[in-house]
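Naming: A, B, ... by sequence-line order, numbering from 1 per chain.
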Protein chains: 2
Amino acid sequence: MAKRVSHWNDGCPVARALDVIGDWWSLLIIRDAFDGVRRFGEFQNSLGIAKGMLATRLRDLTERGILKTAPASDGTAYREYVLTKKGSGLFLVIVALRQWGEEHLYTANEPRSSMIDRETRAPVPRLELHGKNGRRLTWRDTEVLKVVRK
Amino acid sequence: MAKRVSHWNDGCPVARALDVIGDWWSLLIIRDAFDGVRRFGEFQNSLGIAKGMLATRLRDLTERGILKTAPASDGTAYREYVLTKKGSGLFLVIVALRQWGEEHLYTANEPRSSMIDRETRAPVPRLELHGKNGRRLTWRDTEVLKVVRK
DNA sequence: CAATCTGGTCTTAAAATAGAACTAGAATTC
DNA sequence: GAATTCTAGTTCTATTTTAAGACCAGATTG
């Protein structure tokens, strides 16, 4: 009676995406992966997640093609979890969340991590959406065309 | 023993953002709000969410300043839930999720809703992140500077 | 003013989560 | 090379969250 509902077949890419990475932990694991975390224990330390949860999340994300396992880069017999191409496609989701969080959830002098351009060492500017003609688009400039819902 | 852990004080804006909108339903509610859904019953129909869940989610999102209530626009005595400025700041999160979903979770001919530029009626192009110097940035071009974790 | 619609609350059963205890194989130390 | 510790899990249980339906009060419609 209480199985979580799936949105996979809603015909909406947002819903389908959330069906895959919309739980409480997945995006945090993926964020860590972008930051270079690779080993089970590293994820656990970084996130403070229960081992059981982490194990099932890593398995699910791997099954879903977002992470893949690789032999440990330090020569030991352990394995590592790294982002696939599909997984690294979530970069802009993380960036958008980060920028929204910075802008709306922090007071001016509260300490927080920040994302910089590796080359210039400057903070990464705000993401922007542009139309084909180069015009900047806000949510009022867009519209979603629905598809028949099955 | 099983209360969901909070990431509010991790010093990471991504974590803090997910603490606020990272549950199973919030982003879907917010997506609907962008698409013009305003009334309790509309959200319920659109999402297939249990009334109890919807009631608490709407209350939480309102308390957190993402939605606000307004008198119904059709003249009745009911109320509506509309995005605040803070809430509409999540637009690019939704766009990023949508674009990732389209690109990685659909086969070529599977039907899905799509986002268009209201003015040109053309599909919205891919989001891109650019550095201060205009260069396009991928995740390999960026780095997150950590802050001491309290 | 009777019926129905809207927007909830309350209750219950199932599922997800957190946390701890346990385990097996790998690596390290003695 | 035996003992110890580390790593990466699995299993177990208590608690919380979720889903779904019954119930309800006030607003609206016929």
**Q** To the nearest angstrom, how far is B:Gln44 atom CD from D:dA20 atom C1'?
**A** 11 Å
**Q** It should be established whether A:Trp25 places a side-chain nitrogen or oxygen under 4.0 Å from OP1 or OP2 of nucleotide C:dA16.
**A** no
**Q** Whole angstroms only, please: what is the OH-C1' distance between B:Tyr78 and D:dG26?
**A** 7 Å
**Q** So with a 6.0 Å cut-off around CZ of B:Arg140, is the heavy-atom count from everything else above 12?
**A** no
**Q** How would you label the contact of A:Tyr81 with the nucleic acid (heavy atoms, under 4.0 Å): base, sugar-phosphate, or nothing?
**A** sugar-phosphate
**Q** Indicate the atoms forming the closest heavy-atom contact of A:Trp24 with B:Asp19, along with that distance.
**A** CH2-O, 3.9 Å
**Q** Below the 4.0 Å mark, does C:dA15 have OP1 or OP2 next to a side-chain nitrogen or oxygen of B:Trp24?
**A** no
**Q** So B:His7 and A:Leu28, side-chain contact (heavy atoms from CB on, under 4.5 Å) or not? Walk me through it.
**A** CA-CA 10 Å; B:His7 309 291; A:Leu28 288 171; 3.2 Å; yes
**Q** If I take atom CZ in residue B:Arg39 and atom C1' in nucleotide D:dA27, what distance separates them, rounded to the nearest angstrom?
**A** 10 Å
**Q** Which residue lies toward the 5' end of DNA chain C, B:Gly41 or A:Gly48, if each is placed at its nearest nucleotide?
**A** B:Gly41
**Q** Whole Å only: how far is the CD atom of B:Glu42 from the P atom of C:dT6?
**A** 10 Å
**Q** By a strict heavy-atom criterion of less than 4.0 Å, which residues belonging to residues 53-63 of chain A are in contact with DNA chain C?
**A** A:Met53, A:Arg57
**Q** Which part of the nucleic acid does A:Ala50 contact within heavy-atom distance under 4.0 Å: base, sugar-phosphate only, or nothing?
**A** base
**Q** What heavy-atom pair brings B:Val20 and B:Ser26 nearest, and what distance separates the two atoms?
**A** O-OG, 4.4 Å
**Q** Would you call A:Asp35 and B:Lys146 a salt bridge, using N to O less than 4.0 angstrom?
**A** yes
**Q** Please determine whether any donor N or O and acceptor N or O are separated by less than 3.5 Å between the side chain of A:Lys51 and the base of C:dA20.
**A** no
**Q** If I take atom CZ in residue A:Phe43 and atom P in nucleotide D:dG9, what distance separates them, rounded to the nearest angstrom?
**A** 11 Å
**Q** Under 4.5 Å between side-chain heavy atoms, hopping through other hydrophobics if needed: is there a path connecting B:Val95 to A:Leu145?
**A** no
**Q** Between the side chain of B:Thr84 and the main-chain N/O of B:Gly65, is any donor-acceptor distance below 3.5 Å?
**A** yes
**Q** If I take atom CZ in residue B:Arg79 and atom C1' in nucleotide D:dG26, what distance separates them, rounded to the nearest angstrom?
**A** 13 Å
**Q** Want to settle it: does B:Arg4 or A:Gly75 sit nearer the 5' end of DNA chain C, counting the closest nucleotide to each?
**A** B:Arg4
**Q** Can you tell me how far P of D:dG9 sits from CG of A:Leu47, to the nearest Å?
**A** 15 Å
**Q** Kindly point out which of D:dA27, D:dA20, C:dA26 is positioned nearest to the side chain of B:Ala77?
**A** D:dA27
**Q** Rounded off to whole Å, could you give me the CZ-to-C1' distance for the A:Phe40 and C:dA27 pair?
**A** 18 Å
